[in-house]
A.B. asks: 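Quick one: the structure is below, questions incoming.
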Amino acid sequence: IETAHQLLRLPTRVYFGIGAGCAQSSKVLRMVAELPEEKLLLESDQHRDEAMAQSMLSAAAAVSAGVRHSVKRNGPR
């Protein structure tokens, strides 16, 4: 968590990528809870549309449930 705070102090844009797999880790969720919501970037390693959408929603749900960030939907459903 301290490393994340140090990175946020750098004079550049820093974002933290969270994928569905690592969003299941309690250590990762504790770190995410300390980060500003606008610095979170949800990621997926999937290449098919359906799998990618499911992976992104899983990551968003895990982050949202774990740290009380809201899940916001943008674009078509």
Side-chain angles (χ1 to χ4, degrees):
I1 294 172
E2 182 57 35
T3 301
H5 287 291
Q6 290 174 352
L7 289 169
L8 287 171
R9 289 192 288 273
L10 292 173
T12 188
R13 293 181 185 157
V14 175
Y15 299 93
F16 298 88
I18 309 295
C22 67
Q24 305 302 317
S25 163
S26 60
K27 181 179 179 179
V28 169
L29 292 177
R30 282 194 306 274
M31 181 198 64
V32 169
E34 298 288 324
L35 296 172
E37 186 173 322
E38 64 273 7
K39 295 298 185 176
L40 300 178
L41 175 68
L42 297 181
E43 299 180 321
S44 172
D45 291 333
Q46 302 296 323
H47 300 285
R48 292 187 345 264
D49 289 347
E50 280 186 33
M52 187 182 344
Q54 184 58 46
S55 178
M56 297 294 285
L57 288 173
S58 293
V63 168
S64 179
V67 298
R68 294 185 291 278
H69 285 299
S70 62
V71 176
K72 298 175 184 172
R73 291 181 149 228
N74 293 317
R77 292 184 178 195

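Heads up: numbering here begins at 1 and tracks the sequence.
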A.B. asks: Kindly give the heavy-atom pair with the smallest separation between Leu35 and Ala4, and that separation in Å.
C.D. replies: CD2-CB, 3.9 Å
A.B. asks: So, for Ser55 and Gln46, which heavy atoms are closest and what is the spacing to 0.1 Å?
C.D. replies: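 Scanning both residues completely, I find the closest heavy atoms to be CB-CG, 3.9 Å.
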A.B. asks: According to a 4.5 Å side-chain heavy-atom criterion applied to Ile, Leu, Val, Met, Phe, Trp and Tyr, with indirect links allowed, do Met31 and Leu10 form part of one hydrophobic cluster?
C.D. replies: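 Linked, Met31 and Leu10 end up in one cluster.
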A.B. asks: Let me confirm one number: the OG-CG distance from Ser64 to Leu42, rounded to the nearest 0.5 Å.
C.D. replies: 10.0 Å
A.B. asks: Which atoms form the tightest heavy-atom contact between Glu34 and Ile1, and what is the distance?
C.D. replies: CG-CG2, 3.8 Å
A.B. asks: Taking all heavy atoms of Pro36 and all of Leu8, pick out the closest pair and write down the distance.
C.D. replies: CD-CD1, 3.9 Å
A.B. asks: Answer yes or no: is there a donor N or O on one side and an acceptor on the other, between the side chain of Ser58 and the main chain of Gln54, under 3.5 Å?
C.D. replies: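 Such a contact is found between Ser58 side chain and Gln54 backbone.
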A.B. asks: Return the OG to CD1 distance between Ser25 and Ile18, rounded to the nearest 0.5 Å.
C.D. replies: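 Separation between the atoms: 9.5 Å.
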A.B. asks: For the CZ atom on Arg9, are there more than 12 heavy atoms of other groups (residues, nucleotides or ligands in this structure) within a distance under 6.0 Å?
C.D. replies: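 Above 12, so yes.
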A.B. asks: Got a sec: does the CD of Glu50 have more than 12 other heavy atoms crowding it under 6.0 Å?
C.D. replies: no
A.B. asks: Any chain of hydrophobic side-chain contacts (each under 4.5 Å) joining Met52 to Leu40?
C.D. replies: yes
